[in-house]
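Note that the numbering runs from 1 along the sequence shown for the chain.
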Amino acid sequence: MNIPPASRPAQHRVLRMGRIGYLNVLPIYHPLEAGILPHDYELVSGPPALLNTMMARGELHVSSCSCFEYACRPERYFLVEDLSIGSRGPVMSVLLLSRRPVEELQGTEILISGETHTSVALLRLLLRDRYHCDVTYRTGQVTPAVNSPTPPVAFLAIGDEALRLRNHKDYPYRLDLAEAWRDWTGLPFIFGLWVLSRAAAEASLFHDDPGALLRRGR
C-alpha cells in the first residue's frame with residue numbers, strides 16, 4: 001500500500017480520534033462516548049488496518065493502531081505511554097482456526113482477515129519459523145467465506161469475529177497466536193498501541209493531553 005508522506009495533519013481543525021471498533025477497547029472509549037469524560041474530539045471507529053492507513057495519511061490526530069504501523073513509521077508518531085492492547089498468554093480474539101492440526105497445513109492456502117496488520121505478520125512468523133509450514137495466504141472476508149459452499153481449510157480471525165467463530169464445529173483446531181508466541185519465546189505480545197500524530201502536535205492542535213484523557217478513561 002502506497003501512503004503519501006504526512007506533510008500536514010488532516011485539513012479539519014477538529015481533533016479526530018480513531019477508535020478500534022472491537023469490544024476489547026470498550027473500557028477505554030465508553031467514558032468518552034457516554035459523555036462521562038467531556039471532550040471535543042470527533043471519534044472515528046474502524047478496524048485496525050483502516051485506522052493505520054488514516055493515521056499514516058494524516059486523517060486522524062490520535063488513534064489506537066497496530067504496533068506494526070508504529071514500527072513502519074515511528075518518525076510520524078508519539079506513543080501514548082502505559083496504554084496498549086497486549087497479552088501475557090491466551091487472548092482468545094486473535095485465532096487461527098483450522099480443519100487440520102497446524103503441523104499438517106503444509107502447502108495449503110490460509111484465508112486472512114484484511115482488518116489486521118500485526119496479527120498477519122505474527123501468523124506468518126509463527127508458521128514459518130516455529131511450525132515450519134510453507135503455506136500461501138489470501139486476504140478476504142472471513143465469515144462469508146466460512147459460510148460459503150467452499151470454505152477455507154484454515155483462516156485467521158481477529159476481534160469480535162474471532163470471538164464469534166472460535167468454537168465453530170467445522171474448525172476443531174485452534175491456535176491462539178498470543179499463546180503460541182508466549183510458548184515459543186516466553187514473552188508477552190503487544191498487538192496495538194495508541195499514537196499521536198507528530199505533525200498535529202507540532203502544529204499545536206492539541207490544546208490538552210489526549211493521552212491523559214485516554215488513560216483516565218480506562
Side-chain angles (χ1 to χ4, degrees), residues 18-29 47-53 55-56 62-98 100-106 108 110-137 139 142 154-163 165-167 171-196 211 214-215 217-218:
R19 179 224 198 275
I20 293 177
Y22 298 151
L23 287 174
N24 61 351
V25 297
L26 184 60
I28 294 173
Y29 289 98
L50 174 62
L51 299 183
N52 293 346
T53 301
M55 278 299 299
V62 55
S63 182
S64 43
C65 72
S66 301
C67 64
F68 192 85
E69 169 61 25
Y70 177 77
C72 288
R73 284 170 275 272
E75 73 282 357
R76 296 189 183 182
Y77 309 120
F78 292 113
L79 283 177
V80 176
E81 296 180 353
D82 302 323
L83 188 60
S84 67
I85 301 171
S87 172
R88 297 181 183 274
V91 71
M92 300 305 294
S93 59
V94 183
L95 302 174
L96 175 69
L97 295 173
S98 176
R100 308 175 191 167
V102 176
E103 296 81 2
E104 297 178 12
L105 289 177
Q106 179 73 18
T108 63
I110 295 177
L111 177 65
I112 54 177
S113 169
E115 294 188 354
T116 172
H117 293 158
T118 299
S119 300
V120 169
L122 177 57
L123 177 64
R124 289 176 181 269
L125 181 65
L126 287 169
L127 290 183
R128 185 191 68 193
D129 294 345
R130 185 184 182 196
Y131 296 101
H132 306 290
C133 288
D134 185 10
V135 300
T136 58
Y137 298 92
T139 301
V142 169
F155 62 88
L156 170 67
I158 71 165
D160 298 356
E161 189 170 54
L163 296 175
L165 295 174
R166 62 182 177 177
N167 294 316
Y171 293 87
Y173 299 99
R174 182 173 66 196
L175 182 69
D176 186 302
L177 268 60
E179 182 177 28
W181 173 263
R182 179 65 181 264
D183 290 346
W184 186 30
T185 67
L187 299 171
F189 192 85
I190 301 298
F191 289 95
L193 302 165
W194 272 258
V195 297
L196 309 178
L214 287 165
R215 289 190 293 270
R218 283 185 288 178

Decide side-chain contact (heavy atoms from CB on, under 4.5 Å) for Ile20 and Ile85; before the verdict, give the C-alpha distance in whole Å, the side-chain angles of both, and the deciding distance to 0.1 Å. CA-CA 11 Å; Ile20 293 177; Ile85 301 171; 3.9 Å; yes
Are the side chain of [X] and the backbone of [Y] linked by a donor-acceptor contact shorter than 3.5 Å?
X      : Y     : answer
Ser63  : Leu51 : no
Arg174 : Leu95 : no
Thr118 : Phe68 : yes

Check side chain to side chain contact (heavy atoms under 4.5 Å, CB included) between Arg88 and all other residues, then give those that pass, not counting sequence neighbours.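 Once residues adjacent in sequence are excluded, the partners of Arg88 under the side chain to side chain contact (heavy atoms under 4.5 Å, CB included) criterion are Arg182, Pro188.
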Looking at residues at least two apart in the chain, or sitting in another chain, which of them share a side chain to side chain contact (heavy atoms under 4.5 Å, CB included) with Ala178?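 Per chain and number, Ala178 pairs via side chain to side chain contact (heavy atoms under 4.5 Å, CB included) with Ser87, Val91, Asp176, Phe191.
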For the residue pair [X] and [Y], establish whether any side-chain heavy-atom pair is separated by less than 4.5 Å.
X      : Y      : value
Val94  : Leu122 : no
Val62  : Val195 : no
Leu125 : Trp184 : yes
Val120 : Tyr137 : no
Leu177 : Phe189 : no

Output the distance between atom [atom1] ([X]) and atom [atom2] ([Y]), rounded to the nearest 0.5 Å.
X      : Y      : atom1 : atom2 : answer
Glu69  : Ser64  : CD    : OG    : 12.0 Å
Ile158 : Ser113 : CD1   : OG    : 5.0 Å
Leu126 : Leu96  : CG    : CG    : 9.5 Å
Thr139 : Leu156 : OG1   : CG    : 9.5 Å
Trp194 : Arg19  : CH2   : CZ    : 9.5 Å
His117 : Cys67  : NE2   : SG    : 12.0 Å

Ignoring hydrogens, what is the shortest heavy-atom contact between [X] and [Y]? Give both atom names and the distance.
X      : Y      : answer
Gly18  : Tyr29  : O-OH, 2.9 Å
Ala162 : Ala157 : CB-O, 3.4 Å
Gly21  : Asp160 : O-OD2, 4.1 Å

Taking atom types as modelled and ignoring hydrogens, do the side chains of Tyr173 and Glu104 form a donor-acceptor contact shorter than 3.5 angstrom?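 Result is no, nothing qualifies.
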Partner set under ring pair (Phe, Tyr, Trp, His ring centres under 6.0 Å) for Tyr171, not counting sequence neighbours: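 Once residues adjacent in sequence are excluded, the partners of Tyr171 under the ring pair (Phe, Tyr, Trp, His ring centres under 6.0 Å) criterion are Phe155, His168.
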